[in-house]
Amino acid sequence: MTDPDDKTSNPRIATGARTINDLIETRLSRRAFLGGVTATTVTLAIGGCATDDAATQAAPAAIDFDFEEISRALDGTHHVPKGYSADLVIRWGDALFEDSPPFDPKRQTESAQLRQFGYNNDYLGFVTLPDDEDGQARGLLCVNHEYTSTALMFPGVVATYPDSMTADLCLAEMAAHGGSVVEVVQTNTGWKPVIGSEYNRRITPHRTPMEIRGPAAGSPRMVTSDDPSGRLASGTMNNCAGGITPWGTWLMAEENFNYYFVGEPPEGHPETDNLKRYGVPTTLFAWGQHFDRFKLAEEPNEPNRFGWVVEVDPMNPDSTPKKRTALGRFKHEGAESVIAPDGRLVIYMGDDQRFDYVYKFVSADRVDTDNPARNIDLLDNGTLYVARFDEDGSVAWLPVRHGHGPLTAENGFESQADVLIETRRAADLLGATPMDRPEDVEPDSRTGSVWVMLTNNHLRTTDQVDAANPRAHNAFGHIIQIVEPNGDFTSTESRWDIMVRCGDPSDPAVDADWNPSTSENGWFGSPDNCAIDPSGRLWVSTDGNEETGAADGLWAMETTGERRGTGKAFFRAPAGAEVCGPKFTPNGETLFLAVQHPGDGAEATFENPTTRWPDFENGVPPRPSVIAIRRKS
Ligand code: FEO
Ligand code: CA
Ligand code: CA
Ligand code: CA
């Protein structure tokens, strides 16, 4: 999610402030700063999702780099290269269960939404299942529903927002957050959801009890009126990117949890500074008008129960998800993992805020690859590290551990629970490097490389640049490669380099840096999510490329050899949308993409979106959707 509060809460960095009214206005017009796209500029170049070609796919080859690059442009629909198809898999409001009611956008309810696919699909995990009895490939899609675009989702709410958001509408909105597990099967007309699959599940912020695990579980700072134990949360929200562990569980990263709280904590409350460091409150949702849990005056500890990574077993829809506090508390973007040579698990994570940090977690125990059940609580013990990117090209990974350096009682840390609940302040004191908004961080087990997407940071001033964040007013972001020595992902000393500085290479003022073989279509701005395909190539999706005058999309990138740093445009999103979740099936033949917040724009509403993708029907709002891209045979 783009960070519409547009600020830093890092006390090491000077900052400005905005009013709540500014923020609500921004919230309802997420793309205000982009200039937007008007409905009259939208042309439906290829007319809806390309489902017509799927039936002809016989033996598709793996997606590779030899595609014919698509052009830079912005219109109301999506585009793939010649010879590829993009099939619609599932949309917001589609049925997950036999008893799911039909999608009725003008009469949305909590009860309907709890049985339907949620809003604003972000992370996509894919867990392979055995082929079905007809020999068709199957899998579970694990989908984060990061947030809701309220103005686009509900009719008639803008003029009197937030008063227009009744308790019932807020409940419908909560039910559209969280996540979905949905079984998908590859039929001869493309990937389809299996409605009523025994695995299908909805996870939400308010109806999915979750265990709080690890060192912060049971801390008095985790206790609320609803949960005197400090060990049981009632759900998860603002789940951005994520990961699938080697044992097949799904990690949901809680990102901008500060948007859901209202008011101020009681005068002199001990959490006051902690709340401030996480930007709480930055009220963008109306839930706090109706539900005490989101009122800081009544529940000042409730925000401490968010900002974690949640582990879910998608194979068991009755399982209780677990918040893994050992992985730290921040605006978690993703949680991609790799098994280190010594068998321990390493998870890479970004804290997506201007001037916040890059982290990795190293498990204490080894992954048992023969017996997945033995890994059930592996993520409760280990060491969290935060990165310092030094000028000489080295990375020092600093342990975020109670008793280490300044992380002592003298500085208010009585325990590891305190250190983790205040991960950001601990990292400040350790001297981590403030980065240009760390988004997805992706390790590659084959090369020992780790790719860090730094999306942008226009607030960095000329006297705040450093080697790893070299541009002031960094409007377009950059991509850093970390190299772990000899592929040892547990190392505390690594190397780093910048692969590309994003933005238009033809404009000297931008100071972009791409491989010269990059075409006029191959450069982009604001990298967000990424994936590594089965042949090791990096694919990068964007959130904010519309600022360059063209749609967000997905680009393939060369990372080695003479063409290192070459981008090549593969997918273009419809107007207003960003692209999330790039996920290849293990054979590389299908690329799943999440098209998030289509139709958004400066003045976009339910009644007047910038596109009605993917249905293109009057009266039907745009619908965030998962698509499957394949090569035609
Ligand atoms: Fe949810 Fe950092 O994007
Ligand atoms: Ca995003
Ligand atoms: Ca993101
Ligand atoms: Ca990723």
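Whatever order the structure lists ligands and atoms in, that order sets their numbers, starting from 1. Side chains included, hydrogens not; waters and symmetry mates left out as well; all remaining heavy atoms used. Predicted model only: the values in this text are computed from it and were never measured.
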Value for CD (Glu589) from CG (Asn587), rounded to nearest 0.5 Å, stands at 4.0 Å
I need the Phe126 CZ to Thr590 OG1 distance, nearest 0.5 Å.
7.5 Å
Looking from atom 2 (Fe) of ligand 1, what is the angle between OD2 on Asp352 and OE2 on Glu255, to the nearest 10°?
90°
Looking at Glu146, pick out the N, O or S atom nearest to atom 1 (Fe) of ligand 1 and give its name.
OE2
Would you say the side chains of Asp600 and Ser149 form a donor-acceptor pair under 3.5 Å?
no
Does one side chain, of Asn304 or Asn274, offer a donor that lies under 3.5 Å from an acceptor on the other?
yes
Taking 3.0 Å as the upper limit, name the protein N, O or S atoms near the Ca ion (ligand 4).
Glu336 OE2, Asp440 OD2, Glu442 OE1, Cys530 O
Whether Lys331 engages the ring of Phe257 as a cation-pi pair (distance to the six-membered ring centre under 6.0 angstrom, angle to the ring normal within 45°) should be assessed.
no
From Asp543, does some N, O or S atom reach closer than 2.8 Å to atom 1 (Fe) of ligand 1?
no
Can you tell me which residue among Trp287, Tyr260, Phe285 is in a ring pair (Phe, Tyr, Trp, His ring centres under 6.0 Å) with Phe294?
Trp287
Per the side chain to side chain donor-acceptor pair (under 3.5 Å) rule, which among Asn239, Thr236, Asn144 passes with Glu254?
Thr236
Glu333 backbone or side-chain N/O/S under 2.8 Å from atom 2 (Fe) of ligand 1
yes
Closest Glu439 atom to atom 2 (Fe) of ligand 1 [N, O or S only]
OE1
Who are the side-chain contact (heavy atoms from CB on, under 4.5 Å) partners of Asp64, not counting sequence neighbours?
Asp66, Arg537, Arg631
